[in-house]
Chemist: 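The structure's right below; bear with me while I get my questions together.
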Protein chains: 4
Amino acid sequence: MRADAAANAHAITAAAKVLLATHGADIPLSAVAEQAGVGIATLYRHFGTREELFLAVARSLRDQALATIERHRARWDEDPEKAWTTLVHDLASIRPGALIPGLLDIAADEALRDDLTRIRGDILNAFDDVLEKAKAAGLVQEDLSPARFQLGLATLTRPLPDPLCRTCRWTGSATG
Amino acid sequence: MRADAAANAHAITAAAKVLLATHGADIPLSAVAEQAGVGIATLYRHFGTREELFLAVARSLRDQALATIERHRARWDEDPEKAWTTLVHDLASIRPGALIPGLLDIAADEALRDDLTRIRGDILNAFDDVLEKAKAAGLVQEDLSPARFQLGLATLTRPLPDPLCRTCRWTGSATG
Amino acid sequence: MRADAAANAHAITAAAKVLLATHGADIPLSAVAEQAGVGIATLYRHFGTREELFLAVARSLRDQALATIERHRARWDEDPEKAWTTLVHDLASIRPGALIPGLLDIAADEALRDDLTRIRGDILNAFDDVLEKAKAAGLVQEDLSPARFQLGLATLTRPLPDPLCRTCRWTGSATG
Amino acid sequence: MRADAAANAHAITAAAKVLLATHGADIPLSAVAEQAGVGIATLYRHFGTREELFLAVARSLRDQALATIERHRARWDEDPEKAWTTLVHDLASIRPGALIPGLLDIAADEALRDDLTRIRGDILNAFDDVLEKAKAAGLVQEDLSPARFQLGLATLTRPLPDPLCRTCRWTGSATG
DNA sequence: GATGAATGAGCCTTCATTCAT
DNA sequence: GATGAATGAAGGCTCATTCAT
């Protein structure tokens with residue numbers, strides 16, 4: 001039964017990640033539960049509050065980001081520019097921006113703020129390393145802080161609230 | 001009483017602009033009405049639907065943008081770089097990103113899509129002119145399309161949903 | 001100006017009659033005003049309350065009914081059966097049923113009940129006459145009271161709330 | 001809790017039947033919920049939309065009607081006239097007219113029209129049988145179609161919108 | 001542990017009615 | 001006299017959260 005529970009918890013965060021990335025942070029939690037294939041009560045049993053769920057998603061995204069950085073560590077010496085470019089691309093494809101509005105709610109919660117700060121610290125530390133290398137290779141401005149870099153990633157990957165990315169083409173030339 | 005009504009309509013769009021810019025597009029319309037100092041029914045009398053209100057805001061932002069561009073036209077010959085920089089800054093301070101999610105809803109509405117397209121066309125035309133000059137002065141890449149430029153402005157000025165920009169400082173060095 | 005006002009009042013009751021007959025008594029008074037080509041405030045100036053408007057409609061319908069009866073009086077001696085049949089048909093085409101729900105609201109109002117009773121009395125009196133003749137001619141049951149006759153007319157002419165008399169054919173053979 | 005839920009669903013349709021029969025189809029659903037002793041959200045959980053609730057009521061009325069016809073089947077051979085009279089009386093006491101305005105809304109809904117048609121078909125079939133017998137016994141006109149018979153029942157049992165059946169006695173002699 | 005059911009609170013929208021011009 | 005504007009109250013519906021099985 002423990003395994004079942006863990007599997008459910010995982011399915012729930014996975015579902016939340018998918019729905020957050022596509023529809024933004026305003027999704028009904030019942031939609032997350034449905035997407036995860038569990039009942040709404042199960043979701044609440046595992047995460048207690050909406051904020052805790054989002055926090056779990058944040059942890060998961062952090063782990064993805066750290067793993068991504070780790071994965072690129074080797075390539076760095078071969079071809080710094082290539083390494084940096086693909087790293088940024090891969091980090092962006094995690095779509096950290098999707099979580100921002102949700103995380104603001106967490107930051108508003110006295111009790112959860114510290115958890116969030118810790119998660120963010122992990123990320124900033126990892127960014128620090130990698131930015132050093134990038135700066136050494138002359139690939140980014142000297143004064144780009146980890147926080148600033150993170151903000152940029154988040155800003156650029158915030159999802160539109162969904163409905164019709166099809167109908168409404170805001171982009172002109174895709175490469176412009 | 002015609003004057004009163006016009007004043008109210010103006011107060012409502014002004015309130016909507018403020019609240020959209022700070023809290024994003026998910027605000028209750030009752031909050032807009034309250035901020036404007038009118039009853040909710042007055043808001044609906046003037047705008048009929050949430051979409052029409054947002055469309056009015058979009059028109060207002062367009063007018064601001066066009067006026068901003070106009071205002072910078074003179075400076076252009078003196079100091080192109082300065083002109084371009086301040087123009088971009090001023091356009092960004094209109095915070096076009098605040099409206100995006102709201103406008104998506106409009107674009108979803110068969111009946112309002114054309115209005116939206118027209119508004120956007122006005123802006124793109126104005127951007128076209130100004131981008132030509134900027135390209136001529138070597139200030140932007142040759143292949144930056146008006147649509148792409150607009151997308152960039154909007155992406156970068158999307159507001160956080162609010163609660164506590166105080167508590168949670170995502171930015172590191174402000175200039176980084 | 002007096003003539004204008006009277007014309008407006010008349011236009012309003014006429015509009016109310018039309019809308020009541022087709023959509024039932026739940027119509028917005030603003031729709032009545034619009035149909036009459038006047039502002040909503042004009043409607044209220046003339047009728048004060050929704051109930052008074054309906055009362056005016058009731059008076060108008062009463063007048064139509066009385067006039068109808070009068071009109072048939074002559075024919076009675078020639079051909080009683082024909083007279084009775086066409087009379088009933090003509091009375092039904094006034095659609096008294098359309099007003100019933102509205103009149104119930106009036107009857108609920110202490111102050112207006114008497115007006116309503118008086119109007120109804122006029123009708124019942126007229127029915128009394130005519131029913132006597134019909135009974136004498138053996139065209140209706142002896143025990144049909146004026147009130148009962150009126151109730152029957154009203155019941156049978158109550159309008160459906162409108163939307164789709166087209167889509168939904170409740171009637172089978174029209175003559176069955 | 002499955003049993004509880006079913007009991008609630010039943011209580012809700014029962015409440016709806018009562019309120020529809022007495023106040024007509026314009027009742028607030030919150031009143032239905034209250035009468036059923038449940039919260040408004042419970043009503044919506046069970047029925048989703050106002051139309052679905054009314055459809056459930058329609059099904060219930062159909063079942064009552066079919067059961068009523070079945071119940072009278074035996075008596076038919078003994079005393080056809082008595083059987084027919086009491087049958088009609090019992091069918092009328094189901095007050096099918098109460099639902100008409102509500103059903104019109106359903107008929108307007110593309111998705112629900114078929115359900116409604118099916119329910120109605122069940123009733124018409126049952127009427128067909130019984131009308132045959134009545135015609136054989138010379139109790140009704142040969143050309144009375146089931147649809148026409150149903151229409152008559154519905155027309156005659158449409159409830160008044162309520163307020164004060166006490167104050168306002170539209171009926172004269174009850175038997176006239 | 002998992003689940004569906006229940007619920008109140010909240011936002012959207014409409015309408016009867018009043019007011020100022 | 002006539003008008004459009006303003007407004008609160010009410011009903012429709014959804015969602016986060018809790019409870020009982």
Chemist: Would you indicate what B:L29 reaches in the nucleic acid, counting non-hydrogen atoms under 4.0 angstrom: base, sugar-phosphate, or nothing?
Modeler: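 Sugar-phosphate: the residue B:L29, judged by heavy atoms under 4.0 Å, touches backbone atoms but no base.
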Chemist: Do C:R59 and C:D115 come close enough that some side-chain heavy atom pair is under 4.5 Å?
Modeler: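 Answer yes - side chains close enough.
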Chemist: Is there a Watson-Crick or G-U wobble partner for E:dT3 with both distances under 3.5 Å, and if so, which one is it?
Modeler: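 E:dT3 is paired, partner F:dA20.
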Chemist: Starting at CZ of D:R45 and ending at P of E:dG8, how long is that distance when rounded to a whole Å?
Modeler: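 To the nearest whole Å, that distance equals 15 Å.
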Chemist: Keeping the roles fixed (side chain from C:R158, backbone from D:R158), state whether a donor-acceptor pair exists under 3.5 Å.
Modeler: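 Such a contact is found between C:R158 side chain and D:R158 backbone.
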Chemist: Where each residue is assigned the nucleotide of DNA chain F containing its nearest heavy atom, which of B:V38 and D:G48 is assigned the position nearer the 5′ end?
Modeler: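 Checking each residue's closest nucleotide, the 5'-ward one belongs to B:V38.
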Chemist: Hey, which of these two, A:G39 or C:E51, hits DNA chain E nearer its 5' end, going by closest nucleotide?
Modeler: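 Per heavy-atom nearest nucleotide, the more 5' residue is A:G39.
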Chemist: Given side chains that start at C-beta, do those of D:L61 and D:I119 come closer than 4.5 Å, heavy atoms only?
Modeler: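 Not in contact.
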Chemist: Give the rounded distance in Å between these two atoms: CG of B:L53 and P of E:dC11.
Modeler: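 Checked: the CG to P distance equals 16 Å.
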Chemist: Choose from F:dA6, E:dC19, F:dG1 the nucleotide whose nearest atom is closest to any side-chain atom of B:T42.
Modeler: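 Of the candidates, F:dA6 comes closest.
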Chemist: Does F:dG11 have its OP1 or OP2 closer than 4.0 Å to a side-chain nitrogen or oxygen of D:S30?
Modeler: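 Looking at the OP1 and OP2 atoms of F:dG11, neither is under 4.0 Å from any side-chain N or O of D:S30.
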Chemist: B:F54 CZ to E:dC12 P: how many Å, rounded?
Modeler: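 The distance from CZ of B:F54 to P of E:dC12 comes to 9 Å, rounded to the nearest Å.
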Chemist: In whole angstrom, what separates B:E52's CD from E:dT14's P?
Modeler: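 After rounding, the gap between these two atoms is 11 Å.
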Chemist: Measure from the side-chain heavy atoms of A:R50 and tell me the nearest of F:dG12, F:dA16, F:dA5.
Modeler: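 In terms of side-chain proximity for A:R50, the closest of F:dG12, F:dA16, F:dA5 is F:dA16.
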Chemist: Of the listed nucleotides (E:dA16, F:dG12, E:dT14), which one gets closest to any side-chain atom of D:Y44?
Modeler: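 It is F:dG12.
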Chemist: Nearest to the side chain of A:A5 - F:dA6, E:dA6, E:dG1?
Modeler: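 Comparing F:dA6, E:dA6, E:dG1 against the side chain of A:A5, the answer is E:dG1.
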Chemist: Closer than 4.0 Å, any side-chain N/O of D:N8 to the OP1 or OP2 of E:dA5?
Modeler: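 For E:dA5, OP1/OP2 do not have a side-chain N/O of D:N8 under 4.0 Å.
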Chemist: Please pick, from E:dC11, E:dC15, E:dT13, the nucleotide with the shortest atom-to-atom distance to any side-chain atom of B:P28.
Modeler: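 Of E:dC11, E:dC15, E:dT13, E:dC11 is nearest to the side chain of B:P28.
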Chemist: Select from D:I27 and B:L43 the residue whose nearest nucleotide in DNA chain F is closer to the 5' end of that strand.
Modeler: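 The 5'-side residue here is B:L43.
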Chemist: Grab the CD-C1' distance between D:E34 and E:dA6 for me, whole Å please.
Modeler: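 One finds 16 Å between C1' of E:dA6 and CD of D:E34, rounded.
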Chemist: Separation of A:F47 atom CZ from E:dG1 atom P, in whole Å?
Modeler: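 Interatomic distance, CZ of A:F47 to P of E:dG1: 14 Å.
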Chemist: Measure the distance from CD1 on A:I40 to C1' on F:dA20 and round it to the nearest whole Å.
Modeler: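 Nearest whole value for this atom pair: 17 Å.
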Chemist: Do you know the tightest heavy-atom contact between D:V32 and D:A15?
Modeler: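 Shortest heavy-atom separation between D:V32 and D:A15 comes out as O-CB, 3.6 Å.
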Chemist: Rounded to the Å, how far apart are D:H46 NE2 and E:dA5 C1'?
Modeler: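 Atom NE2 in D:H46 sits about 7 Å away from atom C1' in E:dA5.
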Chemist: What is the minimum heavy-atom distance between D:F54 and D:G102, and which atoms define it?
Modeler: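 Smallest heavy-atom distance, with atoms named: CD2-CA, 3.4 Å.
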Chemist: Please check if the side chain of D:R113 supplies one atom and the backbone of D:A107 the other of a donor-acceptor pair under 3.5 Å.
Modeler: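 Confirmed, D:R113 side chain pairs with D:A107 backbone.
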Chemist: On DNA chain E, check which nucleotide each of B:T49 and C:D26 is closest to and give me the residue with the more 5' one.
Modeler: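 Taking each residue's closest nucleotide, the earlier one in sequence belongs to B:T49.
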Chemist: Which listed nucleotide (E:dG4, F:dT7, F:dT14) is nearest to the side chain of A:A41?
Modeler: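 Selected nucleotide: E:dG4.
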